Amino acid sequence: MNNVGILTFHCADNYGALLQAYGLKCYLEKQGTGGEIVCYEPFFMTGRHWWIPYVPIGNIVRRLGWSLYGWRANVKKGTLFFQKRANMKKFRKRYLIKKGQRKLYFTYQLRRLPYEYYIVGSDQIWNPDITCGLKKAYFGAFYNRNKRKVIAYGASLGRASLSEEYDKEFSELLTYVDAVSVREKSAITYIKQFYTGEILEVPDPVFLLEKKEWQRIEKLPEQEGYIVVCAVEKNRKLYDYAKDLAKSRGLSIIEITSGTEIAEESIGMDYTAGPSEVLGYIHKADYIITSSFHMIAFSIIYQKKFAAFQYNHAGERISNILRDYGMEDRLYQENREMRIDDEIDWSRVEEQIKKNVSLAKDFLWKHVGC
């Protein structure tokens, strides 16, 4: 019986969420410890990806507004919506979930699980905007007589701190966590207000695997000569920069998204791409223009020429990953020329990745024996 259960966002139809879950699971297996994804799929996480989205945020008017907006976008996609869902499900079934695992929808169902060790994370498990409020499951705050230890690996707030309204609840939930590591160094100061133990910065799980390991699960596209665009939210400067670059280089543009967005005019969108397809697009891309954390991470892993754009709600995540790898010049700024073709010292970046992974390995060895 596997003794380590992983509570993360594996159920989200989001390529970054699925790939980080795969990264951690695969790494633990490689180290001989093993780890199973807990099949916890609450409606507040899965509902946003339904044909008529369910997003339990705010009052009834706001909820209906979100549902109507998402439904209209899905209708425009037509059958492509269902193709994407199928690609996400295929990846989840093939690489993440063990055959026969029972789906759990509510926190109380976690009390019957057999695991002694629980790893919560990575991804934005402590971001109430993502989880529709702070959720007990992602702190290991549930009764289970088999549970011995809860380890937060690469937990993210999505920003440097939470608003004051969450301080008391956050402090109480942290008492259930036995070891804390975070993805963004900027969040450590905030968490230290409520947690007396050591807090370590560790890399996102996608960095725990090498490029050749990711290539084993990618699906290469037929297209050649293109720029990948991935915008977390609509960003005029990002699109204009991508269009100018494509025109000057004689390349086409392929946009990929995990959200409900409709393609920018004059840009081709692949509405159907799952995690394997996204990795394939990255592999063959000439350039990557993005405001996505995980797209930046894979641009680094695949050693691609890229430009990063911050976005309104969580720009700290973008700054943090670029700072970690000495790539601040990849961040687009209006008052500075973006020199996307400048050579990157990838050997230096690889050394930094190795150092970060070594810290992660020590942390996991200490707390789950891998």
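Side-chain atoms are counted along with the backbone in the values below, which use heavy atoms only and exclude waters and symmetry mates. Owing to the predicted nature of the structure, the values given are computational and were not obtained by experimental measurement.
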Lys355 atom NZ, neighbour heavy-atom count above 12 within 6.0 Å: no

Side chain Ser181, main chain Ala152, donor-acceptor under 3.5 Å: yes

Lys84/Asp270 ion pair, N-O < 4.0 Å: no

Listed partners of Lys168 passing salt bridge (charged side-chain N to carboxylate O under 4.0 Å, His left out), at least two apart: Glu172

Pairs where residues 199-223 contributes a residue and the test ring-ring contact (aromatic ring centres under 6.0 Å, His included) is met, not counting sequence neighbours: Tyr22-Trp214, Phe207-Tyr325, Trp214-Phe298

Side chains of His294 and Asp123 in contact at under 4.5 Å (non-hydrogen atoms): yes

Side-chain donor or acceptor of Asp204 paired with backbone N/O of Gln20 under 3.5 Å: no

Heavy-atom side-chain proximity of Lys366 to Asp362 below 4.5 angstrom: no

Partners meeting side-chain contact (heavy atoms from CB on, under 4.5 Å) with Arg249 (sequence neighbours left out): Leu245, Leu251, Tyr287, Ile340, Asp341

Tyr118 and Asn146 side chains, donor-acceptor separation under 3.5 Å: no

Other residues, nucleotides, ligands: >12 heavy atoms within 6.0 Å of Tyr176 OH: no

Residues, nucleotides or ligands: over 12 heavy atoms within 6.0 Å of Glu164 CD: no

Tyr281-Tyr15 aromatic ring centre distance below 6.0 Å: no

Closest approach of Cys230 to Ile256 (non-hydrogen atoms, all atoms of both residues): SG-O, 3.5 Å

Spatial distance of atom NZ (Lys135) from atom CZ (Phe44) [nearest 0.5 Å]: 5.0 Å

Distance in Å, Cys11 SG paired with Met45 CE, rounded so as to fall on 0.5 Å steps: 5.0 Å

Between Gln310 and Ser319, a side-chain donor and acceptor under 3.5 Å: yes

Trace of the salt bridge (Lys or Arg N to Asp or Glu O under 4.0 Å) decision for Arg85 with Asp13: CA-CA 7 Å; Arg85 291 274 286 175; Asp13 281 354; 2.8 Å; yes

Pair Phe91 and Tyr95, ring centroids less than 6.0 Å apart: yes

Greater than 12 external heavy atoms within 6.0 Å of Lys192's NZ: no

Test item: Met295 and Val278 side chains (from C-beta on) under 4.5 Å apart, heavy atoms: yes

Parallel, tilted or perpendicular: rings of Phe43 and Phe106 (30°, 60°): perpendicular

Under 3.5 Å donor-acceptor, Gln31 side chain and Leu28 backbone: no

Side-chain heavy atoms of Gln83 within contact of Tyr271, under 4.5 Å: no

Minimum-distance pair of heavy atoms, taken over all atoms of Ala12 and Ala17: CB-CB, 4.2 Å

Main-chain N/O of Ile217 paired with Ser276 side-chain donor or acceptor, under 3.5 Å: yes

Arg94 atom CZ: more than 12 heavy-atom contacts under 6.0 Å: no

Phe309 and Tyr332 aromatic ring geometry - parallel, tilted or perpendicular at 30°/60° bounds: parallel

Note, Ser291 side chain near Asn235 side chain (heavy atom, < 4.5 Å): no

Asp167 backbone acceptor or donor facing Ser171 side chain under 3.5 Å: no

Nearest-0.5 Å distance that lies between atom CD1 in Ile300 and atom CH2 in Trp346: 6.5 Å

Short side-chain to backbone donor-acceptor contact, Asn74 and Ile52, under 3.5 Å: no

Residue pair Ile301 / Ile282, side-chain heavy-atom distance below 4.5 Å: no

Verdict with reasoning, Lys211 to Gln215, per side chain to side chain contact (heavy atoms under 4.5 Å, CB included): CA-CA 6 Å; Lys211 176 183 173 181; Gln215 288 178 313; 3.5 Å; yes

Tyr138-Phe9 aromatic ring centre distance below 6.0 Å: yes

Nearest heavy-atom neighbours spanning Lys30 and Leu209: NZ-CD2, 4.2 Å

Atom pair CG/CD of Asp324 and Glu184 - distance to nearest 0.5 Å: 9.0 Å

Gln109 vs Arg102 side-chain heavy atoms within contact, under 4.5 Å: yes

Aromatic Phe142 / basic Lys147 pairing, under 6.0 angstrom, 45° off normal: yes

Atom pair CD (Glu351) and CZ (Arg348), whose distance is rounded to the nearest 0.5 Å: 11.0 Å

Atom of Lys25, atom of Gly35 and distance for their closest heavy-atom approach: CG-O, 3.5 Å

Greater than 12 external heavy atoms within 6.0 Å of Lys136's NZ: no

Heavy-atom neighbours of Lys149 NZ exceed 12 at 6.0 Å: yes

Contact summary for Leu162 and Pro128, nearest pair of heavy atoms: CD2-CD, 3.6 Å

Within 6.0 angstrom of Lys219 NZ, more than 12 heavy atoms from elsewhere: no

Aromatic ring pairing Trp50/Tyr54, orientation class (parallel under 30°, perpendicular over 60°, tilted between): parallel

Short N-O contact, Glu41 and Lys103, less than 4.0 angstrom: yes

Geometric class of the Trp51/Phe82 ring pair [parallel <30°, tilted 30-60°, perpendicular >60°]: parallel

Close side-chain approach of Gln352 and Val349, heavy atoms under 4.5 Å: no

Minimal non-hydrogen separation, Ala360 against Val202, with atom names: CA-CG1, 4.2 Å

Donor-acceptor pair, side chain of Arg62 and main chain of Ile57, under 3.5 angstrom: no

Gap between atom CD1 of Ile130 and atom OG of Ser156 - 0.5 Å precision: 9.0 Å

Of Phe170, Phe139, Tyr166, the residue whose pairing with Phe194 passes ring-ring contact (aromatic ring centres under 6.0 Å, His included): Phe170

Pair Ile125-Thr131, side chain to side chain contact (heavy atoms under 4.5 Å, CB included): steps then yes or no: CA-CA 7 Å; Ile125 56 166; Thr131 56; 5.6 Å; no

Test item: Lys304 side-chain N/O and His283 main-chain N/O as donor-acceptor pair under 3.5 Å: yes

Ser252 and Gln223: side chain donor to acceptor below 3.5 Å: no

Side-chain (Asp286) to main-chain (Ile227) donor-acceptor, under 3.5 angstrom: no

Lys/Arg N to Asp/Glu carboxylate O, Lys354 vs Glu350, below 4.0 Å: no

